[in-house]
Chemist: 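Pasting a structure here, questions to come.
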Protein chains: 2
Amino acid sequence: MDWERTLARAGRRLTASRRAVMQVLLEAAVPLSPQAIYERARPLHPPLGLVTVYRTLDVLVELGLLRRVHRDGGCHGYVLASPGHSHTILCRGCGQAVEFPGGEDLDGLVAQVQQATGFRVEGHLLQLVGLCPACRSPR
Amino acid sequence: MDWERTLARAGRRLTASRRAVMQVLLEAAVPLSPQAIYERARPLHPPLGLVTVYRTLDVLVELGLLRRVHRDGGCHGYVLASPGHSHTILCRGCGQAVEFPGGEDLDGLVAQVQQATGFRVEGHLLQLVGLCPACRSPR
DNA sequence: CTCACTGCAAAGAATTTGCACTGAA
DNA sequence: TTCAGTGCAAATTCTTTGCAGTGAG
């Protein structure tokens with residue numbers, strides 16, 4: 001909910017740069033690259049530098065406020081992370097990202113894998129790809 | 001099963017460079033970066049260039065012979081993709097990758113997500129992280 | 001007041017491209 | 001013979017670092 005609070009609780013400072021970056025992502029419907037975030041955030045805070053965007057994203061991901069999305073293209077995208085554990089589905093057509101709850105289905109799979117491999121599973125990365133309703137219908 | 005056959009069937013040529021890259025990955029227990037593959041494959045075929053490794057990896061991934069593994073570190077790793085659909089669990093300790101069958105558990109989740117979001121799910125990326133049996137034991 | 005945060009310039013990785021030559025089919 | 005495949009060098013991203021100035025707490 002209150003990302004500024006999360007920042008403060010972690011002993012981090014609330015700056016104009018961080019506000020600008022967060023505002024861009026709060027309004028984005030699509031995962032954005034650091035470069036794209038920079039371009040959109042700059043108008044909100046002209047002195048902003050790309051370097052600061054990178055540093056800010058690292059901090060926000062670390063605090064769990066953002067989620068890093070992997071793209072085969074090469075570079076990473078960033079989206080808002082909803083509180084709680086969830087995953088992302090990406091639309092192949094328009095690129096929008098929608099989150100969905102983790103689901104206990106995964107717990108079953110994890111237990112099964114632990115049993116089969118002897119690994120202790122600590123975390124996972126699940127990302128779906130598909131077509132959203134809008135991109136499915138007209139052409 | 002026979003990767004050379006898969007290559008040929010796709011109208012691709014079987015070259016010394018590709019043999020070297022595949023041989024390295026056939027023997028690797030860990031996902032390797034393009035750079036690492038280059039270093040290990042070069043002795044097998046000295047004229048090999050890093051550029052060719054990149055181009056070869058793209059082809060092999062496209063043919064489904066290799067799997068791209070995403071790492072937070074920044075660059076990609078590549079591992080052999082077993083025939084059939086499966087996923088990977090990565091050991092946080094030693095970096096080894098083990099494959100496990102996809103599991104139908106995911107089908108349930110996929111159906112659930114399609115229902116909830118209206119997306120048509122076409123594919124997914126699932127990667128687990130944990131500790132393998134060896135790394136779990138106190139060293 | 002302090003020290004986390006910032007911008008800038010520059011360095012460092014990772015990956016791609018242009019081009020002429022080579023060799024698998 | 002023919003064109004996919006290749007090596008090299010150079011160009012492009014993408015991301016991180018060093019450093020001195022600035023401002024949030």
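Naming: A, B, ... by sequence-line order, numbering from 1 per chain.
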Chemist: Under the side chain to side chain donor-acceptor pair (under 3.5 Å) rule, collect the residues that match up with A:Arg120, sequence neighbours excluded.
Modeler: none
Chemist: Looking only at heavy atoms, what is the nearest atom pair of B:Ile89 and A:Phe119, with distance?
Modeler: CD1-CD2, 3.5 Å
Chemist: Rounded to whole Å, please give me the gap between CD in A:Gln35 and P in D:dT15.
Modeler: 10 Å
Chemist: For B:Glu39 and C:dA13, give me the distance from atom CD to atom P, rounded to whole Å.
Modeler: 13 Å
Chemist: In chain order, what residues pass the side chain to side chain donor-acceptor pair (under 3.5 Å) check against A:Glu62, with sequence neighbours excluded?
Modeler: none
Chemist: Check the distance between D:dC14's C1' and B:His76's NE2 and give it to me in whole angstrom.
Modeler: 12 Å
Chemist: Round to a whole Å and report the spacing from CG of A:Leu57 to C1' of C:dC5.
Modeler: 15 Å
Chemist: Would A:Glu99 and A:Arg67 pass as an ion pair if we require N to O under 4.0 Å?
Modeler: yes
Chemist: B:Asp58 has an atom CG; how far is it from atom P of C:dA14, in whole Å?
Modeler: 16 Å
Chemist: Does anything in residues 10-20 of chain B come within less than 4.0 Å of DNA chain D? Heavy atoms only, and list the residues if so.
Modeler: B:Arg12, B:Arg13, B:Thr15, B:Ser17, B:Arg18
Chemist: Check side chain to side chain donor-acceptor pair (under 3.5 Å) between B:Gln114 and all other residues, then give those that pass, not counting sequence neighbours.
Modeler: none
Chemist: Closest approach to the side chain of A:Tyr54, judged atom by atom: which nucleotide of C:dA14, D:dT6, D:dT15 is it?
Modeler: D:dT15
Chemist: With sequence neighbours left out, write down each residue that passes side-chain contact (heavy atoms from CB on, under 4.5 Å) with A:Val61, or none if nothing qualifies.
Modeler: A:Leu66, A:Arg68, A:Tyr78
Chemist: State which residues pass side-chain contact (heavy atoms from CB on, under 4.5 Å) with A:Arg19; sequence neighbours excluded, sorted by chain then number.
Modeler: A:Trp3, A:Glu4, A:Leu14
Chemist: Output all residues satisfying side-chain contact (heavy atoms from CB on, under 4.5 Å) with A:Tyr54, sequence neighbours left out; order by chain, then residue number.
Modeler: A:Pro34, A:Leu50
Chemist: Restricting to side-chain contact (heavy atoms from CB on, under 4.5 Å), what partner residues turn up for B:Ala10, sequence neighbours left out?
Modeler: B:Arg12, B:Leu63
Chemist: What is the distance, to the nearest angstrom, from the CZ atom on A:Arg5 to the C1' atom on D:dG25?
Modeler: 16 Å
Chemist: I need the residues from residues 43-51 of chain B with at least one non-hydrogen atom less than 4.0 Å from DNA chain D; give them sorted by number, or say none.
Modeler: B:Pro47, B:Leu48, B:Gly49, B:Val51
Chemist: Taking OH from B:Tyr38 and P from D:dC8, how many angstroms apart are they, rounded to a whole number?
Modeler: 7 Å
